[in-house]
Colleague: 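Below is one structure. I have some questions about it.
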Amino acid sequence: MVTDNDLDLCHPFLQNLPISGASVTVVNASLAQHSVCSSDSIASRIDELQFELGEGPQWKAVGSGELVVIPDTDTDLHSDWPIFWSAIRPLAVGALFAVPMRMGAVTVGAVTLYRRFSGDLSPEQRSSALAIASAIASTAVHRAMRSARNEEAAESPMSPAFRREVHQATGMILAQLNTTATIAYSRLQAYAFAHGRHIQDVARDVVNRDLTFEE
């Protein structure tokens, strides 16, 4: 069930912009992703795919600190992010917008907006998206920090991406293969993608010791 608390940071975007859904994600200095809210299952899946694949407009917005506009996913996605484009095609998403969340000069995350039909945002709507993202940035960061301190915090179906199990599984694979965290996480991603599974489900198997990456 989606609660008001899950939606409060997404609501201003839905209320003020011509979009179908939104997700809010905090990204820390080590590029660990913490999803704070998603407005619906499609927004949640778009966020999850960007986390799983390590590509998509959200990461460009975080890296550049600038608004990323994809007015037509059929023509504008497959050259930059071919795997992500292929993965979202079944979702029937017409347009995507990734809005950087900034606190002063620092980008602390991104808001991914989608709508079912194609088309750009007007200059005024782009300015509104950036202003709303800046306005919620502090609250989003504080919520992510509270979740990090509370190991027993429940995860909502619309806000699944604190993903402690993924980080735990990465550490276990790192130890199994005697490799780096980057390579361990890449192996986890590759296994999930190759088997058509969500990365969280694979991570849970690793943590429960139902799956090992030992060679």
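Scope of the values below: all heavy atoms of this structure, side chains included, with no hydrogens, waters or symmetry mates.
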Colleague: What is the minimum heavy-atom distance between Arg102 and Ala137, and which atoms define it?
Modeller: O-CB, 3.7 Å
Colleague: Flag yes if more than 12 heavy atoms outside Asn178 fall under 6.0 Å of its CG atom; otherwise flag no.
Modeller: no
Colleague: Determine the minimum heavy-atom distance between Val99 and Ala129, stating which atoms define it.
Modeller: CG1-O, 3.5 Å
Colleague: Within a strict 4.5 Å, meaning less than it, do heavy atoms of the Thr107 and Met101 side chains meet?
Modeller: no
Colleague: Strictly distance-based, threshold 3.5 Å: is any side-chain N or O of Asn16 a donor or acceptor partner for the main-chain N or O of Pro12?
Modeller: yes
Colleague: Taking side chain as C-beta onward, heavy atoms only, is Tyr191 less than 4.5 Å from His195?
Modeller: yes
Colleague: Going through the distances and angles, do Asp47 and Ser38 end up as a side-chain hydrogen bond (donor to acceptor under 3.5 Å, both in side chains)?
Modeller: CA-CA 8 Å; Asp47 175 73; Ser38 295; 4.9 Å; no
Colleague: Once rounded to the nearest 0.5 Å, what's the spacing between atom CE of Met172 and atom CG of Leu188?
Modeller: 11.0 Å
Colleague: Scan for ring-ring contact (aromatic ring centres under 6.0 Å, His included) pairs involving residues 79-100, sequence neighbours excluded, and state none if there are none.
Modeller: His78-Trp85
Colleague: As a quick check of understanding, evaluate salt bridge (Lys or Arg N to Asp or Glu O under 4.0 Å) for Glu52 and Arg197, giving each step before the final call.
Modeller: CA-CA 10 Å; Glu52 291 180 358; Arg197 300 180 62 193; over 6 Å; no
Colleague: Has the side chain of Gln58 got a donor or acceptor atom that lies under 3.5 Å from a matching backbone atom of Ala110?
Modeller: no
Colleague: Can you tell me how far CD1 of Ile136 sits from SG of Cys10, rounded to the nearest 0.5 angstrom?
Modeller: 7.0 Å
Colleague: Considering all heavy atoms of both residues, which atom of Ile42 and which atom of Leu91 are nearest to each other, and what is their separation?
Modeller: CD1-O, 4.3 Å
Colleague: Would you call Ser39 and Leu14 a side-chain contact if the rule is heavy atoms closer than 4.5 Å?
Modeller: yes
Colleague: With distance as the sole test, does Thr212 use its side chain to make a donor-acceptor pair with the main-chain N or O of Glu214 at under 3.5 Å?
Modeller: yes
Colleague: With the side chain counted from C-beta on, respond yes when Asp8 and Arg143 share a heavy-atom pair under 4.5 Å apart, and no when they do not.
Modeller: yes
Colleague: When you group the ILVMFWY residues by side-chain heavy-atom contacts below 4.5 Å and let the links chain together, are Leu174 and Leu211 in the same group?
Modeller: no
Colleague: Grouping I, L, V, M, F, W and Y whenever their side-chain heavy atoms are under 4.5 Å apart, do Leu17 and Phe117 come out in a common cluster?
Modeller: no
Colleague: Short question: side chain of Ser134, backbone of Leu130 - any donor-acceptor pair under 3.5 Å?
Modeller: yes
Colleague: Between Ala169 and Val207, what is the shortest heavy-atom contact and its length?
Modeller: N-CG2, 3.9 Å
Colleague: Might you point out which heavy atoms bring Gly21 and Ala43 nearest each other, and give the distance in Å?
Modeller: C-CB, 4.4 Å
Colleague: Determine yes or no for a side-chain-to-main-chain donor-acceptor pair under 3.5 angstrom, with Glu55 supplying the side chain and Ile83 the backbone.
Modeller: yes
Colleague: Rounded at 0.5 Å granularity, tell me how far CG in Leu113 sits from CD1 in Ile70.
Modeller: 12.0 Å
Colleague: Please tell me whether Asp40 and Tyr114 have a donor and an acceptor in their side chains that are separated by less than 3.5 angstrom.
Modeller: yes
Colleague: Under the salt bridge (Lys or Arg N to Asp or Glu O under 4.0 Å) rule, what pairs show up with a residue in residues 122-140, not counting sequence neighbours?
Modeller: Asp120-Arg126
Colleague: Could you check if a side-chain atom of Ser23 sits within less than 4.5 angstrom of a side-chain atom of Val111, using non-hydrogen atoms only?
Modeller: no
Colleague: Please examine the side chains of Thr112 and Leu96, heavy atoms only from C-beta on, and report whether any two atoms are closer than 4.5 Å.
Modeller: yes
Colleague: Grab the two heavy atoms, one from Ala61 and one from Pro100, that are nearest each other, plus how far apart they are.
Modeller: O-CB, 3.8 Å
Colleague: Taking atom OG of Ser64 and atom CH2 of Trp59, what is their separation to the nearest 0.5 Å?
Modeller: 13.0 Å
Colleague: With no hydrogens and no angle check, is any side-chain donor or acceptor of Gln125 less than 3.5 Å from a backbone partner on Ser122?
Modeller: yes
Colleague: Keeping the roles fixed (side chain from Arg115, backbone from Pro18), state whether a donor-acceptor pair exists under 3.5 Å.
Modeller: yes
Colleague: Applying a strict under-4.5 Å side-chain criterion to I, L, V, M, F, W and Y, I'd like to know whether Ile183 and Leu53 cluster together.
Modeller: no
Colleague: Side chains of Pro57 and Gln50, heavy atoms from C-beta outward: is any pair under 4.5 Å?
Modeller: yes
Colleague: Is there a side-chain contact between Arg45 and His198, using heavy atoms and a 4.5 Å cut-off?
Modeller: yes
Colleague: Examine distances only and state if a side-chain atom of Ser20 and a backbone atom of Arg116 form a donor-acceptor pair shorter than 3.5 Å.
Modeller: yes
Colleague: If we ignore angles and hydrogens, is there a donor and acceptor under 3.5 Å between the side chains of Asp74 and Ser118?
Modeller: no
